[in-house]
Amino acid sequence: MSTFTDAITVEELEFDPYPVYARLRQEEPVAWVPALGSWFVTTWHEVRRSMSDLESFTTVNPATPLARYCGPGNILGREGDAHSQLKESVDDLFAPVHAAQWAALAESAAREQFDSLVELGSADLMATYFKPVCVGVIGRYLGLTPAEASTVTRWSEGLIAALTNAGQDSAAARPGWQALAEIDAALGAQLDRLGRCPDSSVPSRLLQCAGPADTLATLKMIISALLEPAWLCANTMYALLTHPQQLAAVRADPGLTAVAVAEGLRWMGPVGALGRLTTRQVTLGGVVIPAGTPVTPVIAAANRDGSVFEDAERFDVHRRPAPHLSLGYARHQCLAVDLVPTVVAATLRVLLERCAALRMETQNQPYGFKFRKFSEFPVSWS
Ligand code: HEM
């Protein structure tokens, strides 16, 4: 084991993981990282294999925070037929054929939300624009109807605090347990109603396929993902605001916004590292990993692999096409793989159209490696 990987700390990954990833790709693409108790996989081909070799790697792991907080029956923690049936019960609702409808919903919500801010001249866009627009539009589309967007946002924030609480600190986990109790009460009642009167919403489809326990677990997993589009809005705006020529190009051609979002996902997607367990002894990148061992496919590192992307560390909206792994790959690819970029692009298009000059507080920086995000996004535009 090398001194370099022995010395990697959680703090340096949280602060800025990209220099560590560059060195890992170069020196040890499959490396045991003692601070995380997992094999970190950082190169494009090895990361893709750890996500697509279903005989050797699984998401089924009752020890993960996701299984512990959301329940082991959540869709991401299932494999085989149980997983396929859950996904197939709802996947037509997430097909690209609905993209025009998603864009229209997001655009109208974004316009309405920005109207309520415009006179202020400055705001924390995360709290006042990105979260209300994205959580509101997607939450309503999913049919999480008993709850206001602000309530679903609070649930999601509580779950994320719990899921990222690596040290299992009970104070940090409290908002997560509180959110889960509220979700159980609100969605439990909704599922009771849907059991009697099914409809075409996501909760109803899941319920008819999987029963109440796995439906609740899957809805909790989905609620935990609902802030990610808002984080992507901020990460992409950060990329544009720190690359003024590219921002100018997007302003000159609003059609480029979707490309900027795809490149934002590649360059700094909000989900950076995933979790797998080996099901058998496997050789990956020349390294033998025993069965039953945690593996971390670092999609954020694969997305900057220089053997796949030219000048990979650079944010470049003119890079076409921009494939990335930020929305997953193979069996567990994100259910919202088409929905998310559509909603985020519409949210950013309205913002750019309404603010001819947008300035960011320069000290504001992203944080985290499992999730790379801004907690606030203070800007001014007057
Ligand atoms: C920027 C926003 C988002 C990003 C970057 C993202 C990223 C991802 C990634 C990387 C995976 C694969 C996880 C793995 O293989 O271990 C995933 C799975 C998933 N995501 Fe998302 N996600 C986002 C938003 C959403 C939203 C809004 C929903 C709501 C429907 C959602 C629902 C899911 C589901 C249900 C899965 C599990 C799919 C399966 O197991 O087959 N995601 N997501």
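Start at 1 with the first residue, then count along the sequence.
E12 contributes a side-chain N or O that, together with a main-chain N or O of T9, makes up a donor-acceptor pair within less than 3.5 Å. Side chain of T215 to backbone of L206: a donor-acceptor contact under 3.5 angstrom is found. In this structure, R266 contributes its side chain and A312 its backbone to a donor-acceptor pair below 3.5 Å. No donor-acceptor distance shorter than 3.5 angstrom exists from the side chain of S380 to the backbone of S122, with no hydrogens or angles considered. Distance alone, capped at 3.5 Å, is enough to place a donor-acceptor pair between the K87 side chain and the R331 backbone. With hydrogens and angles ignored, the 3.5 Å screen pairs a side-chain donor or acceptor of E263 with a backbone N or O of D316. Proximity of a side-chain donor or acceptor of Y141 to a complementary backbone N or O of L105 within less than 3.5 Å is not detected. In this structure, N235 contributes its side chain and M268 its backbone to a donor-acceptor pair below 3.5 Å. The main-chain N or O of A103 is never found under 3.5 Å from a side-chain atom of T342 such that the two would form a donor-acceptor pair. Remark: the backbone N or O of I289 is not paired with any side-chain donor or acceptor of T293 at under 3.5 angstrom.
Considering only heavy atoms from C-beta on, L187 comes within 4.5 Å of I223 through its side chain. Within the 4.5 Å cutoff, the side chain of L351 has no heavy atoms near those of the W381 side chain. Taking the side chain as every heavy atom from C-beta outward, D92 and R205 approach each other to under 4.5 Å. With contacts defined as side-chain heavy-atom distances shorter than 4.5 Å, the pair L191/P203 qualifies. When side chains are defined from C-beta on, V261 does not count as touching R349, because their heavy atoms never get closer than 4.5 Å. With a 4.5 Å cut-off on side-chain heavy atoms, P323 and F309 count as touching. In this structure, the side chains of L277 and V60 stay at 4.5 Å or more apart for every pair of heavy atoms. Contact check for V337 versus F94: no side-chain heavy atoms found under the 4.5 Å cut-off.
Taking N364 as the reference, nothing meets the side chain to side chain donor-acceptor pair (under 3.5 Å) condition, with sequence neighbours excluded. With sequence neighbours left out, Q26 forms a side-chain contact (heavy atoms from CB on, under 4.5 Å) with no residue at all. In terms of the side chain to side chain donor-acceptor pair (under 3.5 Å) criterion, residue partners of T296 (sequence neighbours excluded) are, by chain and number, S38. Partners of D199 according to the side chain to side chain donor-acceptor pair (under 3.5 Å) rule, which considers only residues two or more places apart in sequence or in another chain, are S201. Remark: T242 engages Y238, M360 in a side-chain contact (heavy atoms from CB on, under 4.5 Å) (not counting sequence neighbours). Residues satisfying the side-chain contact (heavy atoms from CB on, under 4.5 Å) test with K131, not counting sequence neighbours, are M126, T153, E157, L227, A230. Checked against side chain to side chain donor-acceptor pair (under 3.5 Å), E228 has no partners two or more places apart in sequence or in another chain.
The nearest pair of heavy atoms linking L163 to K370 is O-CE, 4.5 Å. Taking all atoms of both residues into account, the shortest heavy-atom contact from L284 to S50 is CD2-CB, 4.5 Å. Nearest approach of V340 to P229, heavy atoms of both residues: CG2-CG, 4.1 Å. Closest of all the heavy-atom pairs between V344 and C233 is CG1-SG, 3.9 Å. Of all the heavy atoms in A110 and Y129, the pair that sits closest is CB-OH, 3.3 Å. Closest approach of C134 to T347, counting heavy atoms only: SG-OG1, 4.0 Å.
Sequence neighbours left out, the pairs with a member in residues 41-52 that pass salt bridge (charged side-chain N to carboxylate O under 4.0 Å, His left out) are R49-D53. Here side-chain hydrogen bond (donor to acceptor under 3.5 Å, both in side chains) pairs that include residues 270-284, with residues two or more places apart or in two chains, are S56-R280. Pairs engaging residues 333-347 under the salt bridge (charged side-chain N to carboxylate O under 4.0 Å, His left out) rule: none recorded [sequence neighbours left out]. Judged as a salt bridge (charged side-chain N to carboxylate O under 4.0 Å, His left out), the pairs with a partner in residues 352-367 (not counting sequence neighbours) are, in order, R111-E353, D115-R354. Counting only residues at least two apart or in different chains, ring pair (Phe, Tyr, Trp, His ring centres under 6.0 Å) contacts with residues 252-284 comprise H243-W267, W267-F315.
Note on F15 and L36: separate hydrophobic clusters, where clusters join Ile, Leu, Val, Met, Phe, Trp and Tyr whose side-chain heavy atoms are under 4.5 Å apart, directly or indirectly. Connection of L54 to V282 is not established within any shared hydrophobic cluster, with ILVMFWY side chains joined at heavy-atom distances below 4.5 Å, either directly or through further cluster members.
Atom CG of L274 sits about 13.5 Å away from atom OH of Y329, to the nearest 0.5 Å. In this structure, CE on M51 lies 11.0 Å from OG1 on T59, to the nearest 0.5 angstrom. Rounding to the nearest 0.5 Å gives a distance of 6.5 Å between SG of C70 and CG of L180. A distance of 7.5 Å separates CG of L144 from CD1 of I222, quoted to the nearest 0.5 Å. Residue T43 holds its OG1 atom at 10.0 Å from CG of L24, rounded to the nearest 0.5 Å. Atom CG of residue L232 and atom CG of residue L348 lie 7.5 Å apart, to the nearest 0.5 angstrom.
Counting non-hydrogen atoms of neighbouring residues, nucleotides and ligands closer than 6.0 angstrom, the CD atom of Q101 exceeds 12 such neighbours. Within 6.0 Å of the NE2 atom in H45, the count of heavy atoms belonging to other residues, nucleotides or ligands does not exceed 12.
By the 30° and 60° cut-offs, the orientation of the rings of W102 relative to H98 is tilted.
A donor and an acceptor atom, one from each side chain of S204 and Q208, are located under 3.5 Å apart. Judged purely by distance below 3.5 Å, without hydrogens or angles, the side chains of E79 and H332 pair a donor atom with an acceptor atom.
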Fill in: side-chain contact (heavy atoms from CB on, under 4.5 Å) assessment of F57 paired with V41
CA-CA 13 Å; F57 301 91; V41 185; over 6 Å; no
Fill in: From CA spacing to verdict: side-chain contact (heavy atoms from CB on, under 4.5 Å), F114, C355
CA-CA 10 Å; F114 201 79; C355 299; 3.3 Å; yes
Practice prompt. List the steps, then state whether side-chain contact (heavy atoms from CB on, under 4.5 Å) holds for I75 with R78.
Written response: CA-CA 5 Å; I75 186 170; R78 305 301 297 262; 5.5 Å; no
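Between R319 and D311 there is no salt bridge, since none of the side-chain N atoms of the basic residue sits less than 4.0 Å from a carboxylate O of the acidic one.
Less than 6.0 angstrom separates the ring centroid of W177 from the ring centroid of Y69. Remark: aromatic rings of F371 and W231 are close, center separation under 6.0 Å.
At least one cation-pi condition fails for R372 and Y367: the charged atom is not both under 6.0 angstrom from the six-membered ring centre and inside a 45 degree cone around its axis.
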